[in-house]
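Notes follow once the structure below has been shown.
Numbering of residues begins at 1 and proceeds along the displayed sequence. Quick caveat, the model's predicted, so the values are computed rather than measured.
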Amino acid sequence: MKRLLVVVAVLLAVVLVCAWGFDSRRAPPENALVQRTRDFEGSETCRNCHAERWESWRKTYHSTMTTLPTRESVLGRFDGVEVLLFGARARPFERDGRFFFELPAYGGEPARTAEVALCVGSHRYQQYFELVDDGTHAFRRLPLVWHAVDGRWSHLNAVFLEPDRDDWGAHVATWNENCVFCHNTGPMPRMRGAAERAPDEPPHFDTKVEELGIACESCHGPGETHVAEQRGPFAKWWVELGFAELGDALDPRELPAARANAVCGQCHSQRLPDPPEKLWEFLATGPTFRPGEPLAGHVVPVRRDTPSVDATDPELFRQRFWSDGTARLSAYEYLGVTQSPCAVSERFSCNACHRMHSGDPSGMIEPEFRGDRACTQCHAELARDAAALAAHTHHAPESAGSRCLECHMPRMVYGIVDIHRSHRVESPDVARDVEGGRPNACAQCHLDKSAPWLAERMRAWWGERYTAPRSRPDGAPQDVPEALASLHAGDAVQRAVYAKAFGRADAALDARGKAWASAQLVIALGDGYPAIRTLARRALVALDGAAGLGLGDALAAYDPLAPVELRATALRELVAAAPRLLADFARSAPPELLLDARGAVDLARVRALLDLQSEHVISIGE
């Protein structure tokens, strides 16, 4: 009897928690930014009944996308050590659990100390914002970022893809009218008098969010009605027994593909208000889209032909895309999905590969969907056996050339000092890619092969429609390997893509070929874009570790963000190592690999390629 009473008590407690548990509106807000006055409830309310889902969400980087600065949330090393970047020094330090930067003079302001009031990001890098003390209540981005991948302080000038410049105020941005929209749940910028403000008057804000970070209701929709239906003592069980239906609890997995993709596309797509006049509503009360709706009528994705909203920068949007309209910067994944021929299928959706509550939090994906399973879940005939796969790819079944994603979703998108996969599913075409000035999937593996060689293989395997390219937009000779021409002569995004590709462990190169690739990456360490130098160094470190090239000490001495004179000293040591790396290879290397008989890189021919580089600055839009 006593045991029965205990069981009954436990069951009663569960009922009471689901019926009258945590009430987000009665609980004090976690900070002054959080205010729940609409139909949102907050993730803690969801936790009452969905504890397992809540725990899996807490493991994701979505949950920590925006945080208050605490010793648990701050990733950066605020240890009081000075940081020298782009011609000036700053000192990050902690005092009594609060975080500060001693900053140099920039942007018309004198040298000062700024306190971190907000952190944005927790995966690849973390940005820091101060609360401006001028009555505007604006959170202003500070110039230093912590790069978690490299474990070091970096600068926004090195994170964005642009040439070296010492302007510490170049990327000042306001969280209230920018980051707040996608990095929080239920954002309300509450810009005062947004449409009527005088041109020279700074915007004033009273910004609130329903929850910091990307929480349950960002994807499942506001939960007020759903929670209200569950507050009765037996409501949850009544639904589970089939006597009632659960209302207003949207599950994106059960939506039609287009609507499900829109849930992700509300953030994973650079976009503009639809219609444009809606901007003022967005800046006042926040976005109007709710999960389950189409994006149309709320926002419209930015495309290559979208007119610039900045009269001083007519190329603002065009430069974010390859010439055929494929995105080349991150945060355009939704557009890539909708451009894919697979988009005609109801099976093709973000949820087909990505998992919000399981798998690797880095990418929110199960391990099997990082490989062929992403495609063979629909194209099952190619997974039947190794012979079927080899007949399709004309490569060994176990090689990179038989991996679906390497050919159909190649890495050609720049973002956060890394190269990511394109989400536009397509087949490689050498002529289309080379003539359009965009990376080619085949060339990212066959680093030592020319575009005509690649085109000839495609024509032999897949038919006459695959022709050789007539020329490259930058004028580089086509007898040079396509990857090499792009690394040295391409525009900034091409060079970044191939700096990453030259460090691939699965590239179609033998040991001598990897030594040759290393020598070319040493040249890329002299690039005028700090992000490209960073990618080239990472690739060199990877090659050195895999092939034992003996470059460890020299690479450790080279800092891609150091002042030019320090970089030059370290770079000379690396250049001097090239003949040792290439001595055996050079004697038999074909001339198109840009090596001379002495085993050194043919610098005269390399300089001719470097002179072809275009010099446009790409705005990432953050």
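- In this structure, the side chains of F139 and V120 stay at 4.5 Å or more apart for every pair of heavy atoms.
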Residues E406, R421; criterion salt bridge (charged side-chain N to carboxylate O under 4.0 Å, His left out); working and verdict:
CA-CA 9 Å; E406 300 303 331; R421 292 199 183 280; 2.8 Å; yes
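- Side-chain N or O atoms of T569 include one that pairs as donor or acceptor with a backbone N or O of E565 at under 3.5 Å.
- A side-chain donor-acceptor contact under 3.5 Å links H354 to the backbone of G363.
- Between E435 and P469, the closest heavy-atom pair is OE2-CA, 3.4 Å.
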Decide salt bridge (charged side-chain N to carboxylate O under 4.0 Å, His left out) for E109 and R112; before the verdict, give the C-alpha distance in whole Å, the side-chain angles of both, and the deciding distance to 0.1 Å.
CA-CA 8 Å; E109 293 191 56; R112 60 194 175 89; 3.3 Å; yes
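- Between L103 and T113, every side-chain heavy-atom pair lies at or beyond the 4.5 Å cut-off.
- Note: F78 and Y128 have perpendicular aromatic rings, judged against thresholds of 30 and 60 degrees for the angle between ring planes.
- Judged by distance alone, the side chain of S269 and the main-chain N or O of R271 form no donor-acceptor pair under 3.5 Å.
- Both the sub-6.0 Å distance and the 45° axial angle are not jointly satisfied by R140 relative to the ring of F129.
- Using modelled atom types, one side-chain atom of R537 and one backbone atom of L555 make a donor-acceptor pair closer than 3.5 Å.
- Note on residues 476-511: pairs passing ring pair (Phe, Tyr, Trp, His ring centres under 6.0 Å), not counting sequence neighbours, are F502-W516.
- In this structure, the side chain of Q494 engages the main chain of D491 through a donor-acceptor pair within 3.5 Å.
- Residues M412 and S422 meet the side-chain proximity criterion, which asks for heavy atoms closer than 4.5 Å.
- With hydrogens and angles ignored, the 3.5 Å screen pairs a side-chain donor or acceptor of S323 with a backbone N or O of G436.
- Within the structure, ring pair (Phe, Tyr, Trp, His ring centres under 6.0 Å) pairs that include any residue of residues 104-124 comprise Y61-H123 (at least two apart or interchain).
- Under a 3.5 Å cut-off, the side chain of R495 and the backbone N or O of A489 do not form any donor-acceptor pair.
- Salt bridge status for E592 with K449: absent, with no side-chain N to carboxylate O gap under 4.0 Å.
- Side-chain contact between V606 and L610 is present, with heavy atoms from C-beta onward closer than 4.5 Å.
- Annotation: side chain of R141 is in contact with side chain of Q127 (closest heavy-atom distance under 4.5 Å).
- Of the residues listed (L33, L212, T207), the one engaging N184 in a side-chain contact (heavy atoms from CB on, under 4.5 Å) is L212, and it is the only one.
- In this structure, T174 contributes its side chain and E177 its backbone to no donor-acceptor pair below 3.5 Å.
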Run W322 and D433 through side-chain contact (heavy atoms from CB on, under 4.5 Å) and show every step you take.
CA-CA 9 Å; W322 301 109; D433 297 342; over 6 Å; no
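- Here the shortest heavy-atom pairing between V601 and A519 reads CG2-CB, 3.9 Å.
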Do R438 and E426 pass the salt bridge (charged side-chain N to carboxylate O under 4.0 Å, His left out) test, and can you show the C-alpha distance, the side-chain angles, and the key distance before you say yes or no?
CA-CA 13 Å; R438 52 167 270 180; E426 58 185 351; 2.6 Å; yes
Determine, step by step, whether R567 and Y558 satisfy the side-chain contact (heavy atoms from CB on, under 4.5 Å) criterion, reporting the C-alpha distance in whole Å, the side-chain angles of both residues, the deciding distance to 0.1 Å, and the verdict.
CA-CA 6 Å; R567 294 201 314 270; Y558 175 85; 3.9 Å; yes
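- For the atom pair M364 CE and C353 SG, the distance stands at 14.0 Å (nearest 0.5 Å).
- Salt bridge R152/D559: present, at least one basic N to carboxylate O contact under 4.0 Å.
- Using modelled atom types, one side-chain atom of T306 and one backbone atom of R303 make a donor-acceptor pair closer than 3.5 Å.
- Here the CG-CG distance, from L609 to L594, works out to 6.0 Å after rounding to the nearest 0.5 Å.
- Relative orientation of the H446 and W453 rings is tilted, given thresholds of 30° and 60° on the angle between their planes.
- Taking all atoms of both residues into account, the shortest heavy-atom contact from H137 to N176 is O-ND2, 3.2 Å.
- Across A158 and A531, no two heavy atoms sit closer than the pair O-CB, 3.6 Å.
- Looking at D134 and T136, their side chains do bring a donor and an acceptor atom within 3.5 Å of each other.
- The residues D360 and R370 are annotated as salt-bridged, a charged nitrogen and a carboxylate oxygen being separated by less than 4.0 angstrom.
- Residues R98 and D96 are not paired through a salt bridge, judged by the lack of any N-O separation under 4.0 Å between the basic side chain and the carboxylate.
- Residues V116 and F101 form a side-chain contact, since some pair of their non-hydrogen atoms from C-beta on lies under 4.5 Å apart.
- Among residues two or more places apart in sequence or in another chain, the side-chain contact (heavy atoms from CB on, under 4.5 Å) test is passed with H155 by L85, F86, P143, L144, N157, W168.
- Contact check for H420 versus E333: no side-chain heavy atoms found under the 4.5 Å cut-off.
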Run R504 and Q444 through side-chain hydrogen bond (donor to acceptor under 3.5 Å, both in side chains) and show every step you take.
CA-CA 9 Å; R504 284 180 58 161; Q444 289 190 56; 4.8 Å; no
With salt bridge (charged side-chain N to carboxylate O under 4.0 Å, His left out) as the test, would you mind laying out the steps for E482 and R472 before giving the verdict?
CA-CA 10 Å; E482 174 62 18; R472 287 176 54 99; 2.7 Å; yes
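- Smallest separation of non-hydrogen atoms from S122 and L75: O-CD1, 3.6 Å.
- In this structure, CG on L509 lies 8.0 Å from SG on C445, to the nearest 0.5 angstrom.
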T64 and T67: CA distance, side-chain angles, deciding distance, side-chain hydrogen bond (donor to acceptor under 3.5 Å, both in side chains) verdict
CA-CA 6 Å; T64 50; T67 58; over 6 Å; no
Could you walk me through whether R320 and Y332 pass the side-chain contact (heavy atoms from CB on, under 4.5 Å) check?
CA-CA 9 Å; R320 301 180 185 187; Y332 291 85; 2.8 Å; yes
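- The pair R607-D602 does not count as a salt bridge, with every side-chain nitrogen at least 4.0 angstrom from each carboxylate oxygen.
- Geometrically, R91 engages F93 in a cation-pi contact defined by less than 6.0 Å to the ring centre and at most 45° from the axis.
- Remark: the backbone N or O of A483 is not paired with any side-chain donor or acceptor of S486 at under 3.5 angstrom.
- Counting only heavy atoms from C-beta outward, the side chains of R538 and T534 approach each other to under 4.5 Å.
- Residue W153 comes nearest to P92 through the heavy atom pair NE1-CG, 3.5 Å, listed as atom of the first residue, atom of the second, then distance.
- Using a 4.0 Å cut-off between charged nitrogen and carboxylate oxygen, E102 and R89 do not count as a salt-bridge pair.
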Please step through side-chain contact (heavy atoms from CB on, under 4.5 Å) for the pair V417 and H147, ending with a clear verdict.
CA-CA 9 Å; V417 201; H147 203 287; 3.7 Å; yes
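- Within 6.0 Å of the CG atom in D553, the count of heavy atoms belonging to other residues, nucleotides or ligands does not exceed 12.
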